[in-house]
Number of protein chains: 2
Amino acid sequence: MIDSVRDSEQPLLDQLTEAFRCLPGVGPKGAQRMSLHLLERDRSGGKRLATLLNEAMERIGNCQSCRNLCEEDLCNICRNTGRETTTLCIVESPADLIAIEQSACYRGKYFVLMGTLSPIEGIGPEEIGIDQLLSRCKAGVEELILAVSSTVEGEATAHYIAESVRPLGISITRIAQGIPLGGELEFIDGNTLAHAIEGRKGI
Amino acid sequence: MIDSVRDSEQPLLDQLTEAFRCLPGVGPKGAQRMSLHLLERDRSGGKRLATLLNEAMERIGNCQSCRNLCEEDLCNICRNTGRETTTLCIVESPADLIAIEQSACYRGKYFVLMGTLSPIEGIGPEEIGIDQLLSRCKAGVEELILAVSSTVEGEATAHYIAESVRPLGISITRIAQGIPLGGELEFIDGNTLAHAIEGRKGI
């Protein structure tokens, strides 16, 4: 396996530096700094990273219930019997799920689309798991919260899901759009302000 | 080996994210982005990185002649018979050596200190390989170029090396200090300007 990866012409250090470029936001200088840092100062950290990387790439798959990344058949959240099963929150990615979990404001279950609808990139309803989502919805879900990004793709995906789920007669909501906490009004774009004013609430 | 590294209590994804923190300049958000990027989009890149990391941590040592990082007994530069053996350039780290090589201005050999003298951190003459350097110098070196950083530690190290090598009667030089190319005078510190004026040359 090692021989299939290595190009024996190039020094191992150069190959390692080049391999670090697969990480997001890592350019040539950063990759070189990573290689040299590990070799000069933290070989045990480097070996630990290698082992975990290899194991994670091999063993982490998708939860059979919510499609989140996990190494078991069901993720921690789906296995957690203490969480409400009647509310289902739809997110685009594992990163979005982690952000909501960190806010500690939600105690229901999730469904992870692993992307947004994008006909140009060949991502259709099947890729975002619509069939799986519909079976989840039929199994006792009372409210579906669409927590997708407020982008063109996110909006289109939210609309598609809402239309697909509507025949089941369950409540469908969308997380609020408005000004973020601490947001200074003068720096907020016009579309967001329009949404915020339109969505105003009595106090 | 895998079992000794894994803490079975924590999800593998969290462990991988935490392991990425050993890289320089990688914080919690960046580490999470790296884990998710590889798992969602580039598993083959992740596996390649794991293999090269493991192999590099195991196999890369120091060149027996110049102390640079390499996986053989002698590095590419020391093995290269086309390079002058009478000039020896002293650098602090492999990164400095790479920077000089990339400038393509030097055709001699190197000696890598792998640090600078620092009594507080326990880095003495032995750690920077003074004995090895002296034997190199005795083997036909005519000029020793001190290409160490212009820091307090760098200056002290340069001074120590110069004094150690002086009895051998070989020429000892220090790379020029002055304003960098493209440097705007008004933004350059006073000490650098003083060095630049002192070191002025006829044109």
Side-chain angles (χ1 to χ4, degrees), chain A residues 1-6 11-26 29-62 68-72 75-76 93-95 98-99 114-115, chain B residues 1-6 11-26 29-62 68-72 75-76 93-95 98-99 114-115:
Chain A
M1 178 179 143
I2 280 171
D3 284 310
S4 70
V5 166
R6 280 204 61 199
L12 196 45
L13 174 62
D14 295 353
Q15 291 181 61
L16 176 62
T17 298
E18 192 255 306
F20 271 121
R21 300 287 305 278
C22 74
L23 298 174
V26 175
K29 274 276 170 191
Q32 181 189 305
R33 200 169 139 229
M34 289 173 172
S35 297
L36 294 176
H37 173 85
L38 294 181
L39 287 166
E40 290 172 44
R41 297 199 188 85
D42 192 8
R43 292 206 183 214
S44 64
K47 290 209 73 175
R48 187 182 143 82
L49 176 59
T51 306
L52 283 166
L53 252 180
N54 194 48
E55 212 192 339
M57 297 301 126
E58 291 273 4
R59 289 192 37 208
I60 293 181
N62 296 94
N68 190 19
L69 293 169
C70 76
E71 69 263 35
E72 321 281 347
C75 71
N76 282 347
S93 68
I98 294 170
M114 300 300 281
Chain B
M1 176 176 145
I2 280 171
D3 284 307
S4 70
V5 165
R6 280 203 64 199
L12 195 46
L13 175 61
D14 295 353
Q15 291 183 59
L16 176 62
T17 297
E18 190 256 307
F20 270 122
R21 300 287 304 279
C22 73
L23 298 174
V26 175
K29 273 278 170 189
Q32 180 188 304
R33 201 169 139 231
M34 288 173 172
S35 296
L36 294 175
H37 173 86
L38 294 182
L39 287 166
E40 289 173 44
R41 296 198 190 87
D42 192 7
R43 292 204 182 215
S44 65
K47 291 210 72 176
R48 186 182 145 80
L49 176 59
T51 306
L52 284 166
L53 253 179
N54 194 47
E55 211 192 341
M57 297 302 127
E58 292 274 6
R59 290 193 36 208
I60 293 182
N62 295 94
N68 190 19
L69 294 169
C70 76
E71 69 262 36
E72 321 282 348
C75 72
N76 282 345
S93 68
I98 294 170
M114 300 301 279

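Quick note on labels: first sequence line is chain A, next is B, and so on, each numbered from 1.
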Exercise: identify the closest heavy-atom pair between B/Glu40 and A/Pro94: OE2-CD, 3.3 Å
CG of B/Leu52 to CD of A/Gln15: how many Å apart, nearest 0.5 Å? 5.5 Å
Pair A/Leu16, B/Met57 - check side chain to side chain contact (heavy atoms under 4.5 Å, CB included), show working. CA-CA 10 Å; A/Leu16 176 62; B/Met57 297 302 127; 4.2 Å; yes
How long is the span from the CZ atom in B/Arg43 to the SG atom in A/Cys22, to the nearest 0.5 Å? 13.0 Å
Smallest heavy-atom separation, A/Ala56 atom then B/Leu12 atom, equals CA-CD2, 3.9 Å
Side chain to side chain, A/Leu23 and B/Leu23, heavy atoms closer than 4.5 Å: yes
In Å, rounded to the nearest 0.5 Å, how long is the span from CG of A/Leu13 to CG of B/Asn68? 8.0 Å
Max heavy-atom pair count under 4.5 Å with chain B, selected residue of A/Glu58, A/Arg41, A/Glu72: A/Glu58
What is the minimum heavy-atom distance between A/Gly25 and B/Arg33, and which atoms define it? N-NH2, 4.0 Å
Give, as side chain, backbone, both or neither, the part of A/Glu18 having an atom under 4.5 angstrom from any heavy atom of chain B. side chain
Taking atom NZ of B/Lys47 and atom CD of A/Glu55, what is their separation to the nearest 0.5 Å? 11.0 Å
Applying side chain to side chain contact (heavy atoms under 4.5 Å, CB included), can you list everything that pairs with A/Ala95, at least two apart in sequence or on another chain? A/Ser93, B/Gln32, B/Leu36
Search all heavy atoms of B/Ala19 against all heavy atoms of A/Arg48 and return the closest pair with its distance. CB-NE, 4.4 Å
Spacing of B/Ser35 atom OG and A/Leu53 atom CG [to the nearest 0.5 Å]: 8.0 Å
Working to the nearest 0.5 angstrom, can you tell me the gap between B/Leu49 CG and A/Arg21 CZ? 13.0 Å
